[in-house]
Amino acid sequence: EYTLHVTDEIDQTASSQVAQLRLTRLSMQERVATQRAAFSVENYALLLFDFNDVRLNNSNREIIDFIKGRMNEKAELTIVGATDSLGEAEWNATLSERRANAVADLFKGVPTEVVGAGEDTRTYPNDLPEGRIYSRTVFITVRNPIQP
C-alpha cells in the first residue's frame, strides 16, 4: 500500500487516498525460464564542469573510476550532458554533447548511448549561481545485467 503526500512552496499539503501497488516477485530461475532480463540500474550525477568547458578535473576522474568499479563486464551506459541556461540554446546543445562525449571517452569498449540535452535537462533552478553550477553536469546511468 502507498499514499502520496505533496507539499508545495507555500507549505500547502495534499495527500492521495491509500492505493495498492501490485508486485510480482520472480526468482532468477523463473527469469531465465521466461527469458526476462534482470538488471541493476545505478544513476550518477554531479560530474561538474567549469563554465563553457568540457575538460574533466581530477574529482570527476575519481567519480568515473568509482563508477567503473561498480560495472560488470556486460554493463551498458547512458550518458547525458547538460548545461546551464546562459548562452545560446544551440551552443548549449553542442556543449552538452561534447561534455557527454568527454565522459564516454573514458569508458572505451562499453556500449554507450550519448545524449546532449543542452539546457533542456534542468534539475536545478538557474536563477542563482549555485543552480547554474550544478546544471553544468553529466548524468550517467549504468545498467548491469544480473547473472543467475
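Just so it is clear, the model here is predicted, and its values are computed rather than measured.
Across all non-hydrogen atoms, the minimal contact from Val110 to Ala75 is CG1-O, 3.6 Å. Minimum interatomic distance between Ser96 and Ala93 (heavy atoms only, all atoms of both residues): OG-O, 2.8 Å.
Between Lys74 atom NZ and Arg143 atom CZ the span is 14.0 Å, to the nearest 0.5 Å. The CG atom of Asn144 lies 9.0 Å from the CD atom of Glu73; values are rounded to the nearest 0.5 Å.
The number of heavy-atom neighbours closer than 6.0 Å to CG of Asp8, taken from other residues, nucleotides and ligands shown, is above 12.
With sequence neighbours left out, the side chain to side chain donor-acceptor pair (under 3.5 Å) criterion links Thr141 to Asn43. Applying the side chain to side chain donor-acceptor pair (under 3.5 Å) criterion to Glu42, with sequence neighbours excluded, gives Tyr44, Arg70. Under the side chain to side chain donor-acceptor pair (under 3.5 Å) criterion, Thr3 pairs with no residue, sequence neighbours left out. Partners of Thr94 according to the side-chain contact (heavy atoms from CB on, under 4.5 Å) rule, which considers only residues two or more places apart in sequence or in another chain, are Trp91, Arg98. Applying the side-chain contact (heavy atoms from CB on, under 4.5 Å) criterion to Glu130, with sequence neighbours excluded, gives Leu128. With sequence neighbours left out, the side-chain contact (heavy atoms from CB on, under 4.5 Å) criterion links Gln20 to Glu1. Taking Asp127 as the reference, Pro125 meet the side-chain contact (heavy atoms from CB on, under 4.5 Å) condition, with sequence neighbours excluded.
Within the 3.5 Å criterion, the main-chain N or O of Pro145 finds a donor-acceptor partner in the side chain of Asn72. Within the 3.5 Å criterion, the main-chain N or O of Glu113 finds no donor-acceptor partner in the side chain of Thr78.
The side-chain contact (heavy atoms from CB on, under 4.5 Å) test with Leu48 is passed by exactly one of Asn57, Thr137, Ile63: Thr137. The side-chain hydrogen bond (donor to acceptor under 3.5 Å, both in side chains) with Arg136 is formed by just one residue from the set Asn52, Thr83, Asp84, Asn92; it is Asp84.
Side-chain atoms of Leu95 and Phe49, non-hydrogen and from C-beta on, never get closer than 4.5 Å to each other.
Side-chain contacts under 4.5 Å among hydrophobic residues (ILVMFWY), followed directly or transitively, place Val114 with no other residue at all. Other members of the cluster containing Val6 are Leu4, with ILVMFWY side chains joined at under 4.5 Å, either directly or via other members.
Placement of Leu56 and Leu77 within a single hydrophobic cluster is found when ILVMFWY residues are connected by side-chain heavy-atom separations under 4.5 Å, directly or transitively. Neither Tyr2 nor Val18 shares a network with the other; the hydrophobic side chains, linked directly or stepwise wherever heavy atoms of I, L, V, M, F, W or Y lie under 4.5 Å apart, form separate groups for each.
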Give the table of side-chain donor-acceptor pairs shorter than 3.5 Å for residues 99-108, with sequence neighbours excluded, one pair per line with atom names and distance.
unit_1, atom_1, unit_2, atom_2, d
Arg99, NE, Asp53, O, 2.9
Arg99, NH1, Ala82, O, 3.1
Arg99, NH2, Asp50, O, 3.2
Arg99, NH2, Asp53, O, 3.3
Asn101, ND2, Glu97, O, 3.2

